[in-house]
Amino acid sequence: MRQFYGTSLATPFMLGTAQYPSPAILADAFRQSAASVATVSVRRESAGERAGTAFWSMIRDLDVHVLPNTAGCHSASEAVTTAKMARELFETDWIKLEVIGHTDSLQPDPFGLVDAARQLVADGFKVFPYTTEDVVLADRLLDAGCEVLMPWGAPIGTGLGLINPYGLRSLRAQFPDVPMVIDAGLGVPSQAAQAMEMGFDAVLLNTAVAKAGDPVMMAVAFARAIEAGQAAVRADPMTPRDMAAPSTPLIGKAFLT
Amino acid sequence: MRQFYGTSLATPFMLGTAQYPSPAILADAFRQSAASVATVSVRRESAGERAGTAFWSMIRDLDVHVLPNTAGCHSASEAVTTAKMARELFETDWIKLEVIGHTDSLQPDPFGLVDAARQLVADGFKVFPYTTEDVVLADRLLDAGCEVLMPWGAPIGTGLGLINPYGLRSLRAQFPDVPMVIDAGLGVPSQAAQAMEMGFDAVLLNTAVAKAGDPVMMAVAFARAIEAGQAAVRADPMTPRDMAAPSTPLIGKAFLT
Amino acid sequence: MRQFYGTSLATPFMLGTAQYPSPAILADAFRQSAASVATVSVRRESAGERAGTAFWSMIRDLDVHVLPNTAGCHSASEAVTTAKMARELFETDWIKLEVIGHTDSLQPDPFGLVDAARQLVADGFKVFPYTTEDVVLADRLLDAGCEVLMPWGAPIGTGLGLINPYGLRSLRAQFPDVPMVIDAGLGVPSQAAQAMEMGFDAVLLNTAVAKAGDPVMMAVAFARAIEAGQAAVRADPMTPRDMAAPSTPLIGKAFLT
Amino acid sequence: MRQFYGTSLATPFMLGTAQYPSPAILADAFRQSAASVATVSVRRESAGERAGTAFWSMIRDLDVHVLPNTAGCHSASEAVTTAKMARELFETDWIKLEVIGHTDSLQPDPFGLVDAARQLVADGFKVFPYTTEDVVLADRLLDAGCEVLMPWGAPIGTGLGLINPYGLRSLRAQFPDVPMVIDAGLGVPSQAAQAMEMGFDAVLLNTAVAKAGDPVMMAVAFARAIEAGQAAVRADPMTPRDMAAPSTPLIGKAFLT
Amino acid sequence: MKITVNGDPVEIEAGSVTAVLAKLGYGDTKVATAVNGVFVPASQRDDTALVAGDALEIVAPRQGG
Amino acid sequence: MKITVNGDPVEIEAGSVTAVLAKLGYGDTKVATAVNGVFVPASQRDDTALVAGDALEIVAPRQGG
Amino acid sequence: MKITVNGDPVEIEAGSVTAVLAKLGYGDTKVATAVNGVFVPASQRDDTALVAGDALEIVAPRQGG
Amino acid sequence: MKITVNGDPVEIEAGSVTAVLAKLGYGDTKVATAVNGVFVPASQRDDTALVAGDALEIVAPRQGG
């Protein structure tokens, strides 16, 4: 499995921490799925609230890699400031860089994304950019110093799966050595398996697990699917063919008519 | 998990026994994937060859359910005689009923299939008919006494996956209480997960495992994918939506510009 | 263009006559789209009602081929009797044979269909069977004496288009010399063009035109799309390729940097 | 039909002029398809060659709108200089702006594209940017002063059709008032009809016509398909439904069993 | 006698299909007929007698898809 | 007499399926049999006589999908 | 002086970010800060004076996707 | 002096773009020009002198997609 900024992950499953019915269910989802990375955010804290401390200690107990995001930022400067606050709070130079360019689709803004990536890399961050399947944008992000790409499967929270397999395949083929994570848009495990089968290195999701009827079971389901897709690539799948071919040999068949 | 003629399977994974590089790899694929059913066939035996005995003892050691097939039969009578020979040899009344109607696609023959099913049920067989997604044909097979259906995903050996999801969904919805196995045509694990997510009760395949570069690893990959799809259904997936929705809450976001 | 029982159609567009806002709009849809075949049915007539006479004279004025159907029949005998009544009323031996096997999907009943087709052919009918993409069923219908096949695109009235392109392609490839009409399930003209591009000989539809906001304009739209698909096949389309290729020649490009 | 920089086109069909077997066939393709816009390029001319003059007089005789391109340009400055040379030669301020960012896919470079668009608009050009389905990029191009967008269907010359219908639908929905042309990647007429049905205002293609066995017939086929899709939108198509619905009324059906 | 015509019970004097059609007032309307699910061609209506309990179906051209 | 065994012509002394299997050297091999396309259970092999022209099929367990 | 803290207007005595955090009652809560959209590291809070009209943002760890 | 014309090295007497085009034999051919990547409108060709090492591009209408 490819490394992410020199880090080998125990599993290629990155899981969000938002929207769970309870902290206990969140923790259980991580433990039972063996997700190896947890995405987190920074939000306003009131005096005496101490919500952050409670959340943070819970996450720390999960003993996973923490990947803070810049969710909701619509400009490079906002994202950069948010990243710096996150680095101080979470004591990590990893940052999931989101610069949203379009409110309905939450699509990344290619321009703000590259701008922010360049600033953050210069400041010593290890940037995980949430991007599209655009190969030119990918090239710019790599030029800016990103060593990982996180193309979307579909718009955040839609659960539509991989809406542009052709584009994602082209992206994967164009940069064979770059670690890539399919981030956002997945709804069911088969889509995560498909992403791994296409050669992506990991999968990041949140809503599909947190909003399932049983988030813990769904987290495990995704974990299994990701293992399945990863193993499938290593096992070298058969080549699909248009015409049928018998699996049971015809030779030796009894003549009975 | 639904029962198959009163039998609860340890796992919803049925695996073929043909086309493996070696018997050792075949056995290993079953052991490591925990497939619970093995499909087998009957073929001509020469005097002194004893190939059948060797194969049979190997299969018995796997300690799985054995599902003999009538592969290669093109008429009801041929299939019925083959089924009877198989019952005597494998000491089971389970039969995977194949009546091939079209050589290029190995498509089941709806007419011969219903005819053979009726004869075999009358003779005490527990028939697992290899069929299409045709709901009327399914209805006839149930009338004939079949208590399980095995619709194809795609033509045998193609590895194309589920070529007609709409038709398969309609079939699943039409007979909610009938145990159904997606049989044939799968190429990669994500397709098996998808089949389970659609509500099918098990998956049967052979070529995708036996012809993979590493059959054992691929068998395990399919096993994981099948678990994933099965768990996903139980976990009650989110409903896909066309518009994006943030996973990280917007409330509390710092104002930074 | 292939002939239908020896008849060359002026256009490969067959149009239904039901569900239009008014007889005038129906007539206009036929005139402006140049549809060459009109499907009709037989229904109960009360004494003095004379609705049949009015409808029939209107259809006759369209000066198109008339194709009576057996819509709503769920058994071979019902369909056969209906066909005979239709032949007497419409003075044609053409019959669109529908034997419905499943109420929700209005899927043809393969068994009743072949049975009725055999009886009708024996009685001198020219049978246009409404069938599925099943190649074995197709073979049986041809054996029964049908010289035309009408596979569905999708269930009647859904407007989903071609739900199983792989299956339809296989059917087309299996019987290259049999005239085939894509019947039912189309919703928009691009789907009709696609059907023709796949090598089908004609398209039959009703709901997509009759239930459009402007049935006349939609009939014309389908007529254009059918022409487009038919011409595309004759013009021998380019072969799709995975990699891009410049249309504007690179040679001679000015060097400007 | 929406206007393009104040110009109403006689037909929403824009056709390339490259790769035809002969100038006569090119001219015939335009005449018989009634394409209303011809794309052209500028290339090096040797002394005494006068190829440009011959080509240009032939194009002028077609009496269509001329849309020069900047094909093959990989930087904004190159594209800008090329655009200026084209304006002087073709005496039009229309320019199909191509800034290629990726050689294999010929994908537009979002960054160079916006940069060049801004410069050209400032210099009085009417820019037709060849772009992707990216809504943020689209927004930037509109900010830069473009009043038309030309999103790709698929990479140039592939003939794959609309590879990301979801993305194209989102783009169309996001900017309901902006004239949009599906440019590049189409292979068969049904795809052009589909593009129009999705609400796009015109279609631009070249390879699918020029490289067809019979370019003239294929040009006409595309023209018909484009008309079909355009009329379909106006005619207000039926809403697709998952369950079947009889087109022939059931009421009045004879009871025959 | 009692028969059913297009699904409705009718009390009518016994007779051939032709006679019954006339009594029912179909006159020369263009219709096709079936009795008890069996087609009765126009040419055989005179010779086809209806008896009590028969089900007569009388159909005419209609819209169809 | 001449019969065919698994498709091949064989010259063999007449007898029951059991006798023929023995002569062919199948011994106690686990096989199933059919004569002229009809299944012959092991329990009926003694009582099933083969005559000239019969087609005997002898099968055993094999790999299958 | 008047400043805004996490978007709300607050009347508070002038001072460093550290002083203001203390007065607001954040004590030793683990937070990160920005003033007028610019990040202020913990190490610089003592030396960063807030003036009237400043916008202070105080954030802490939260759930994220 | 040495310049390049459409990518090829050319030895030619110094002069304006107009002069060079004439010497090269373009006569009244309809062309557009750029020098060192910068567009030179026809109206400015007289006043645009070429110097050694300049790259002159001369283009005309062609097929395009």
Side-chain angles (χ1 to χ4, degrees), chain C residues 14-20 23 26 38-60 66-72 75 77-78 80-91 96 98 106 123 130 156-157 183-184 204-210, chain E:
Chain C
M14 305 184 176
L15 186 55
T17 59
Q19 302 180 290
Y20 290 79
L26 160 57
T39 52
V40 296
S41 73
V42 300
R43 287 296 181 254
R44 285 169 168 173
E45 177 97 336
S46 323
E49 183 182 9
R50 297 190 164 287
T53 315
F55 173 71
W56 180 219
S57 70
M58 190 264 283
I59 293 298
R60 246 185 326 214
V66 173
L67 178 59
N69 69 28
T70 62
S75 73
S77 66
E78 225 190 341
V80 168
T81 301
T82 302
K84 291 174 177 173
M85 296 195 292
R87 177 167 58 179
E88 187 177 84
L89 284 171
F90 294 108
E91 294 152 17
K96 175 185 168 182
E98 291 183 47
L106 299 175
D123 194 2
Y130 168 61
I156 296 170
D183 176 9
L204 165 49
L205 51 97
N206 187 340
T207 306
V209 164
Chain E
M1 63 179 182
K2 279 194 165 41
I3 62 172
T4 67
V5 176
N6 286 348
D8 301 324
V10 169
E11 177 61 49
I12 200 161
E13 194 180 313
S16 69
V17 171
T18 308
V20 167
L21 282 175
K23 288 201 197 71
L24 290 168
Y26 280 88
D28 62 353
T29 317
K30 184 182 188 60
V31 295
T33 53
V35 175
N36 305 328
V38 179
F39 173 56
V40 177
S43 58
Q44 293 169 26
R45 289 181 197 153
D46 293 353
D47 312 338
T48 307
L50 288 168
V51 301
D54 278 347
L56 173 63
E57 290 285 341
I58 306 165
V59 302
R62 285 289 188 284
Q63 297 73 4

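Chain naming here is simple, since letters A, B, ... match the order of the sequence lines and numbering starts at 1 in each. Note that the structure is a prediction, hence the values are computed from the model and not measured.
- Note on C/Phe90, C/Phe55, C/Trp56, C/Tyr130: by heavy-atom pairs under 4.5 Å with chain E, the leading option is C/Phe55.
- Using a 4.5 Å cut-off between non-hydrogen atoms, the part of residues 26-35 of chain E that approaches chain C consists of E/Tyr26, E/Asp28, E/Thr29, E/Lys30, E/Val31, E/Ala32, E/Thr33, E/Ala34.
- The 12-atom threshold is not exceeded at CD of E/Glu13, counting heavy atoms of other residues, nucleotides or ligands nearer than 6.0 Å.
- Using a 4.5 Å cut-off between heavy atoms, E/Val5 makes no contact with chain C at all.
- Here CZ of E/Arg62 is found 10.0 Å from CG of C/Leu89. Values are rounded to the nearest 0.5 Å.
- Neither the backbone nor the side chain of C/Glu78 comes within less than 4.5 Å of any heavy atom of chain E.
- For E/Phe39, the ring-ring contact (aromatic ring centres under 6.0 Å, His included) criterion is met by no residue, not counting sequence neighbours.
- Residue pairs meeting the salt bridge (charged side-chain N to carboxylate O under 4.0 Å, His left out) criterion with at least one partner in residues 44-60 of chain E, sequence neighbours excluded, are C/Arg44-E/Glu57, C/Glu88-E/Arg45.
- At least one donor-acceptor pair under 3.5 Å links the side chain of C/Thr39 to the backbone N or O of E/Gly64.
- For the options C/Ala184, C/Ala71, C/Ser41, C/Gly16, heavy-atom pairs under 4.5 Å to chain E are most numerous at C/Ser41.
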- Message: Please determine whether side-chain contact (heavy atoms from CB on, under 4.5 Å) holds for the pair C/Thr17 and E/Gln63, giving the CA-CA distance in whole Å, both sets of side-chain angles, and the decisive distance to 0.1 Å.
- Response: CA-CA 5 Å; C/Thr17 59; E/Gln63 297 73 4; 3.8 Å; yes

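- Inspection of non-hydrogen atoms places C/Glu45, C/Ser46, C/Ala47, C/Gly48, C/Glu49, C/Arg50, C/Ala51, C/Gly52 of residues 45-52 of chain C under 4.5 Å from chain E.
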